[in-house]
Amino acid sequence: MTTHPHQLRVTTLETQDSVRVEVHGDLDYDNADLLVHEVTAQLTARPGLTDLHLHCAEIGAVDSMGLCALLMISRHTAAAGVRLHLDERSAKLDRLLDLTGTLDHLTAPPPTGTVRSSMTGESTTAIRPTEPDGLT
Amino acid sequence: MRTSASPRLPRSAPLDQLAEQLWEAVSSADEYTATELVLRMLDDGADPEAVLLDVVAKVQSRVGEEWAANRISVAQEHAATAINERAVAAVSVHPAARTAATRGRITVACVDGEWHGLPARLLAEVLKLRGWRVDYLGAQVPTPHLITHLHNTRADAVALSSSIATRLPTAHAAITACQAIGVPVLVGGAAFGPQGRYAKLLGAEAWAPDARAAADHLAQGPLPRPQADHQQFDDLPHLSDQEYTMVARNSTSLVRHVFTALEDACPAMRSYSDLQRERTAEDLKHIVDFLATALYLDDEELFTWFITWTAQILQARGVPEMSVPPALVLLARELGDFPRAARILHAATRTLVTDPTTTAAGNAV
Amino acid sequence: MASTQARTVADTRPDSLWGRAPYPVLVADLRGVVVRCNDAAGLILPAAAPGASLTDVAPAWLCAAHTRIGSPGPHAVPADTEEALRGTIAGRRFEAHPTALGDGSVAWWLVDDTDHQLAREALLMERERTAFLAKASNVLLSSLNLGRCMDVTAQLAAESLADVALAIAPSRSSRLPVVTCLRGGTPVLADMSVDPDDVPGLGEALRGFPPVPSRWIDPAAAPAWLVPEGFGPVGSIVITPLPGHGVPAGALVLLRKAQTASFSSEEEVFARLFAARAGAAMSAARLYAEQTAITDVLMRELMPPALHQISGVDFAGGYRPSADHERIGGDFYDVHPATVEGEASLVSLGDVCGKGLEAAVLTGKIRNTLHALLPLADDHSRMLGLLNTALLNSHHARFVTLVLASARRRGNQVDLALTSAGHPSPLIIRADGTVHEADTRGTLIGALPAITAVTITESLAPGESCVLYTDGITEAKGGPMGDDLFGDERLKRALAGCVGMPAEGIVEHVQMLAAQWLGNRRHDDMAVVVISAPRTHHLSAVNGHTRGRFTA
């Protein structure tokens with residue numbers, strides 16, 4: 001099996017009520033689903049969650065399916081009353097979100113207004129780094 | 001009814017005079033005059049085949065010459081070709097070109113990666129005039145499309161066009177694929193070399209130097225049916241040394257290495273603009289592509305011809321800085337383990353430094 | 001050696017050991033008179049007795065061999081001529097081995113090799129048939145074209161099984177496709193208005209039910225269409241069903257002339273083996289053709305349209321799907337002429353997320369929706385809002401980014417209204433060679449509950465163009481160094497050289513540059529549409545209706 005250099009890798013770091021998901025590699029047609037799965041798994045597993053941080057600094061190319069995945073994630077977080085943060089976005093990602101008019105929507109607070117306050121702030125402690133396998 | 005703006009032609013003006021007028025219209029991007037001109041010829045009773053081949057095709061080959069001599073740009077070449085295409089389309093729907101299909105069915109296509117569709121288009125129109133039922137698939141036809149089409153239509157033969165020699169490995173794959181499903185192939189276009197030497201090497205059933213000869217050849221009788229058990233590899237046993245595969249697969253890293261080494265060797269390059277650097281990299285890419293093709297065909301002359309031609313083109317474009325011989329030497333160093341590549345690069349370098357027409361470009365480092 | 005042997009034989013009496021040997025032995029002298037023969041020889045050549053003339057008692061081939069050996073020259077017959085000494089005696093095949101005796105007479109040792117010969121012949125025949133079947137498989141399996149498979153079937157059958165062979169395919173219409181091939185001839189297709197049930201067994205073979213074996217029919221009962229003109233009297237006719245992949249593939253009819261031997265049972269088995277191969281090939285070709293027909297019908301709606309001039313505005317488009325073996329993908333474009341002459345035509349060019357067939361199906365839905373919304377074409381924002389509502393789906397966030405362009409000829413100019421919905425802005429090529437982005441932006445469509453969009457207007461002078469494209473062009477990764485993006489700047493630079501070019505020339509130029517940039521690398525779907533204000537060389541060209549306005 002060969003490993004593509006731009007292969008997506010998702011690392012999750014959890015604290016009590018916030019989750020930080022680090023994305024490394026291309027968010028594209030071949031592997032955007034992976035990120036959606038990881039995020040939905042986190043939302044399901046942690047009902048008390050208030051904030052979900054997607055760490056975007058290491059994201060490579062984002063194609064339309066990648067953007068589609070981000071939109072899907074924002075729907076899921078909104079439905080769960082969790083605030084989505086797209087942290088450390090590259091200029092390129094910002095350009096894409098700006099061009100498609102999705103930046104405000106993706107980073108807006110959940111519409112319900114019932115955002116639970118974060119107790120731990122940004123003090124993220126690595127409790128369970130996960131690396132999904134099955135990538136080729 | 002003619003509008004007053006239509007070009008006036010003497011009744012039976014000789015074809016080359018008409019070609020000259022069409023060239024005037026095409027080179028000034030005047031599509032209306034161009035189409036009116038060819039329609040007028042047909043109205044005046046000119047033979048549609050002669051209009052296509054002795055006027056339009058002639059003008060098109062002049063477009064190529066003018067580009068090579070740097071008298072028109074690539075974009076202008078495209079504009080001229082688009083206008084010629086319109087002229088051909090105009091001929092094809094003129095009542096004089098209406099012909100009933102009395103012969104078999106021929107598929108006409110360009111090899112994948114081949115953008116010069118006009119020669120194939122001209123052949124398609126000529127074959128229609130000669131009574132064939134023609135399926136013209138256009139420029140840049142991926143081989144899977146061609147094969148699907150052949151399964152669906154039962155063509156008697158395929159006419160395959162390619163103008164650039166670097167498309168020959170792809171052309172070979174297309175030829176073999178057609179033959180594997182029992183359809184014989186006639187090839188044409190500059191890619192197949194002088195007297196069509198590569199056509200034979202790549203196992204095509206027939207080769208023709210131009211549309212008229214191709215139509216004549218097909219009129220002589222059906223092409224022989226290909227052998228069912230023929231394999232692509234049978235034609236080119238030298239490929240077993242893997243030199244082609246290695247060079248083709250690593251072409252971008254070869255370009256990078258030679259580019260970097262060239263910068264060290266030629267201080268002038270460091271002051272290049274981004275655009276100049278990109279052009280230089282493109283020139284290197286072409287050199288590597290032609291080397292790969294020469295390895296594929298095991299034909300030293302193809303590469304030598306290309307290098308000589310490149311040196312002349314660069315000279316015509318006033319690019320004395322680009323240094324072909326050092327690039328060849330650096331490439332030879334990168335490919336030290338490849339005897340066939342080394343031999344081909346050596347031969348080209350030798351020709352370049354001894355050929356008086358190219359030494360100016362060759363020596364200007 | 002020869003003389004030693006000769007002496008041994010000469011010294012032996014007929015009633016001695018060799019006289020009762022199980023193999024026939026016959027000795028004849030120089031004049032061709034039988035000197036002696038043993039019991040075994042007597043059994044096959046009953047007239048042979050000492051004193052009889054060889055020509056009276058032995059077959060001609062043996063007499064001739066004897067005369068040859070008796071003529072001057074070396075008496076011992078070289079081993080390599082032995083092959084020739086072979087012939088029939090009393091219906092069986094013999095090898096004759098001569099031994100020259102000292103007195104000029106020759107002893108003929110006859111060995112019955114009838115069974116050996118038969119085995120050899122059978123082996124040779126089997127080899128030929130195996131080779132034929134292998135060749136048949138090769139040729140038949142190479143094509144998925146039904147017509148070609150029928151040709152090959154008839155031709156191969158006429159080569160090895162019959163004087164004329166007919167391959168007949170089942171037909172849903174009243175006309176029956178029949179390919180006829182005479183031995184050594186070329187196959188000829190004819191669609192015949194005939195009833196297969198007129199030929200015993202043919203109807204069943206074509207329907208595949210009820211199952212029928214190969215069937216002999218009386219040549220006198222065969223209808224005239226079965227026999228080619230000038231064939232002469234027919235000796236035998238056999239109808240063999242062609243079994244397909246669970247479906248009837250057709251029938252093979254084999255005819256032999258009256259003077260040709262009729263079919264042996266081995267030949268029938270052989271014909272059946274051939275029929276199995278031909279049937280498999282023909283039914284595969286039929287299935288393929290049916291699938292292709294279905295795909296073509298479904299795909300026709302999804303293919304990009306051919307563009308041309310409408311109401312004095314030039315339009316050209318080009319499309320390359322991401323997978324080169326497919327013809328459709330996630331990019332699309334359309335040009336809708338105004339329903340009222342003088343109104344604007346509407347151009348749409350877009351890119352749905354995803355690729356391949358799934359994306360193509362979504363483009364179909366979007367194109368249909370836009371078509372239905374055409375009455376609102378003068379209000380892009382409203383149109384996009386309604387499209388957004390139509391596409392919103394709770395299960396996924398599949399969206400589309402697109403550009404709408406309304407183009408209307410006014411005098412020599414073309415007026416444009418441009419709206420981007422999350423899509424790269426159109427580029428305008430000015431007559432002075434500058435290229436700029438149209439300043440329109442908006443949200444993508446189909447994923448968010450509400451959208452915004454800004455429409456701007458532009459005007460094109462004669463020879464100026466507006467280029468709509470999808471990001472497959474600018475995101476094309478490659479170049480001489482291998483990993484650079486084609487990018488906006490390179491595209492703008494290329495377009496700056498396209499002033500005054502015909503719209504289709506610009507499309508082709510952009511497509512070619514992107515393709516060359518890519519080389520053989522993977523890429524996304526790529527679409528380009530160019531809207532141009534025609535250059536006005538002639539008054540006659542202004543209305544756009546003169547002859548000479550042709551598009552490919």
Side-chain angles (χ1 to χ4, degrees), chain B residues 3-6 29-36 39 73-76 78-83 85-90 92-93 112-113 115 117 121 139-140 142-145 148 150-154 180-183 222 228-229 251-253 255-256 259 275 278 280-286, chain C residues 135 138-139 141-148 151-152 186 285 288-289 292-293 296 316 320 324-325 327 463 478-484 490 493-494 497-506 508-509 511-513 515-516 519-520 534-541 546-552:
Chain B
T3 56
S4 58
S6 294
D30 184 353
E31 53 192 290
Y32 310 110
T33 306
T35 16
E36 283 294 316
L39 290 174
S73 69
V74 178
Q76 281 174 301
H78 265 113
T81 308
I83 292 165
E85 289 260 8
R86 282 196 179 181
V88 175
S92 71
V93 295
D112 198 2
W115 284 91
R121 177 80 196 267
Q140 164 110 345
T143 304
H145 284 196
T148 308
L150 294 177
H151 279 313
N152 289 336
T153 55
R154 189 155 76 135
I181 61 166
V183 184
D229 53 356
S251 66
T252 45
S253 71
V255 169
R256 281 161 186 255
F259 189 88
L275 196 60
E278 196 170 302
T280 307
E282 273 170 7
D283 289 336
L284 288 176
K285 178 78 170 74
H286 281 137
Chain C
K135 176 180 153 197
N138 260 347
V139 181
L141 292 179
S142 69
S143 181
L144 283 171
N145 182 276
L146 182 58
R148 169 117 177 91
D151 278 3
V152 169
T186 41
Y288 180 80
T292 313
D296 276 354
R320 185 175 176 197
D324 281 337
H325 57 276
R327 284 175 292 165
M481 298 300 201
D483 59 356
D484 297 316
R490 225 173 249 105
R493 202 189 303 143
C498 295
V499 181
M501 268 170 73
E504 58 263 48
I506 300 177
E508 193 174 297
H509 190 57
Q511 283 191 303
M512 188 199 78
L513 292 177
Q516 288 179 345
N520 297 323
R535 284 166 45 130
T536 45
H537 287 277
H538 301 281
L539 288 171
S540 63
T546 34
R547 222 171 58 147
R549 309 296 308 149
F550 290 98
T551 50

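Numbers restart at 1 for each chain; the letters A, B, ... are given by sequence-line order, proteins then strands.
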Measure across H151(B) and N145(C) and return the closest heavy-atom pair with its distance rounded to 0.1 Å. O-ND2, 2.7 Å
May I ask you to check whether over 12 heavy atoms, not counting those of D296(C), lie within 6.0 Å of atom CG? yes
Most chain B-contacting option - heavy-atom pairs closer than 4.5 Å, from G147(C), G497(C), G482(C): G147(C)
Considering only heavy atoms, which portion of V183(B) lies under 4.5 Å from any heavy atom of chain C: side chain, backbone, both, or neither? neither
Minimum heavy-atom separation for A29(B) to G500(C), with atom names? CB-O, 4.2 Å
Closest approach of S142(C) to G182(B) (non-hydrogen atoms, all atoms of both residues): OG-N, 4.3 Å
Quick check for you: among M512(C), M501(C), Q516(C), which has the greatest number of heavy-atom pairs under 4.5 Å with chain B? M512(C)
Under 6.0 Å from the NE2 atom of H145(B), do we count more than 12 heavy atoms belonging to anything else shown? yes
Scanning both residues in full, the closest heavy-atom pair of R154(B) with R148(C) reads CD-N, 3.4 Å
Report the distance from atom CD of E504(C) to atom NE2 of H78(B), rounding to the nearest 0.5 Å. 11.5 Å
Within the 4.5 Å heavy-atom criterion, are L284(B) and P480(C) side-chain neighbours or not? no
Under 4.5 Å heavy-atom distance to chain C, tell me which part of L150(B) shows up: side chain, backbone, both or neither. backbone
Quick one, Q140(B) and Q511(C) - any side-chain contact, counting heavy atoms below 4.5 Å? no
Pair count under 4.5 Å, heavy atoms only, with chain B: among L144(C), V152(C), L146(C), highest is L144(C)
Could you tell me whether the side chain of W115(B) reaches within less than 4.5 Å of the side chain of L513(C), counting heavy atoms only? no
Search all heavy atoms of A281(B) against all heavy atoms of M481(C) and return the closest pair with its distance. CB-CE, 4.1 Å
Give, as side chain, backbone, both or neither, the part of S253(B) having an atom under 4.5 angstrom from any heavy atom of chain C. neither
Looking at residues at least two apart in the chain, or sitting in another chain, which of them share a salt bridge (charged side-chain N to carboxylate O under 4.0 Å, His left out) with D484(C)? none
Side chain from CB out, backbone as N, CA, C, O: work out which of these in S143(C) comes under 4.5 Å of a heavy atom of chain B, or both, or neither. both
